[in-house]
Amino acid sequence: MPEQHSRSDKELVVACQAGNDLAYAEIYRRYAGNVHHICRRMLGDTRDAEEAAQETFLRAYSAITNFSGEFQVGAWLGRIAANICLDQIRARTRRPDVVDISGQAENAVGPHRVDTRVEDRMAIRDTLDEMKPLYGEVLFLRIIGGLSHDEMAAVLELTPSQVKALLHRARRSFRDLWAVSEGASA
């Protein structure tokens, strides 16, 4: 079907909303690679990433009738994928041994490194919960998900420059809240 490949995303969404499954198959073809990439970067494990990607397209298929076209289809799918991955990450019982909120090299030392041994995990979660939700989300995408500024920009529907500034503010907020919580527990 050559005409199918030349249709815009908007035309494909309208066709999907009218019940055309071939149009949805074309959306899948266009964006499956990007969705799988986001899931692999955030989850690491290939099997978990495949499961998250499948869940992304299932949720998108169920929600396509409510898609307003306000956002780009790729960004919308990226946001769904990131949310699914964040849910999986939060549900995991094991966490990384060290979270580096500074963005510096892995072997960096100093107050920007937070040791996440079992006794500190609750304090980290509490600190993230105290932050503005967008700050917590951007830290998860960067630190746990390992997404680049460009990938985060697509997921959050921001520019890479906006993401960089947001990440800077989120790190500062985390450090400030962490210092307050550490002072209160001392």
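- Linking Ile, Leu, Val, Met, Phe, Trp and Tyr whenever their side-chain heavy atoms come within less than 4.5 Å leaves Leu77 and Val14 in two separate clusters.
- Summarising the geometry of Pro160 relative to Asp150, their closest heavy-atom pair is CG-OD1, 3.0 Å, with the distance given to 0.1 Å.
- For Thr159, the side chain to side chain contact (heavy atoms under 4.5 Å, CB included) partners are Ser161, Gln162, not counting sequence neighbours.
- Considering only heavy atoms from C-beta on, Leu134 comes within 4.5 Å of Leu156 through its side chain.
- A salt bridge (charged side-chain N to carboxylate O under 4.0 Å, His left out) with Glu151 holds for exactly one of Arg142, Arg41, Arg40; it is Arg41.
- Contact of the Leu158 side chain with the Met152 side chain is not registered, since no non-hydrogen atoms from C-beta on lie closer than 4.5 Å.
- Summarising the geometry, atom OG belonging to Ser68 is positioned 9.5 Å from atom CH2 belonging to Trp76; distances are rounded to the nearest 0.5 Å.
- Taking CG of Asp48 as the reference point, atom CD of Gln88 lies at 5.5 Å (rounded to 0.5 Å).
- One distance of note links CZ of Arg79 with CD of Glu137; it measures 4.5 Å at 0.5 Å rounding.
- Heavy-atom minimum distance, Leu177 versus Glu130: CD2-OE1, 3.7 Å.
- Evaluation of the side chain to side chain contact (heavy atoms under 4.5 Å, CB included) rule for Asp176 yields Arg172 as partners, not counting sequence neighbours.
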Arg29/Glu26 under salt bridge (charged side-chain N to carboxylate O under 4.0 Å, His left out): CA gap, chis, key distance, verdict
CA-CA 5 Å; Arg29 186 197 63 74; Glu26 177 60 17; 2.5 Å; yes
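- Summarising the geometry, atom OH belonging to Tyr31 is positioned 10.0 Å from atom CZ belonging to Phe57; distances are rounded to the nearest 0.5 Å.
- Glu55 meets the side chain to side chain contact (heavy atoms under 4.5 Å, CB included) test with Leu58, Arg59, Ile84; sequence neighbours excluded.
- Counting heavy-atom neighbours within 6.0 Å of Glu50 CD, excluding the residue itself, gives a total above 12.
- A pairwise comparison of heavy atoms in Ala52 and Leu43 identifies CB-CD1, 3.7 Å as the closest pair.
- In this structure, Ile38 and Gly78 approach most closely via the heavy-atom pair CD1-CA, 3.8 Å.
- Between Phe67 atom CZ and Lys10 atom NZ the span is 10.5 Å, to the nearest 0.5 Å.
- Between Thr56 and Ala81, the shortest heavy-atom contact is OG1-CA, 3.2 Å.
- Tyr61 has its side chain out of reach of Ile27: every pair of non-hydrogen atoms, C-beta onward, lies at least 4.5 Å apart.
- Scanning both residues, Asp9 and Arg30, for their nearest heavy atoms gives OD1-NH1, 2.6 Å.
- Distance CZ/Phe174 to CG/Leu167: 12.5 Å, rounded to 0.5 Å.
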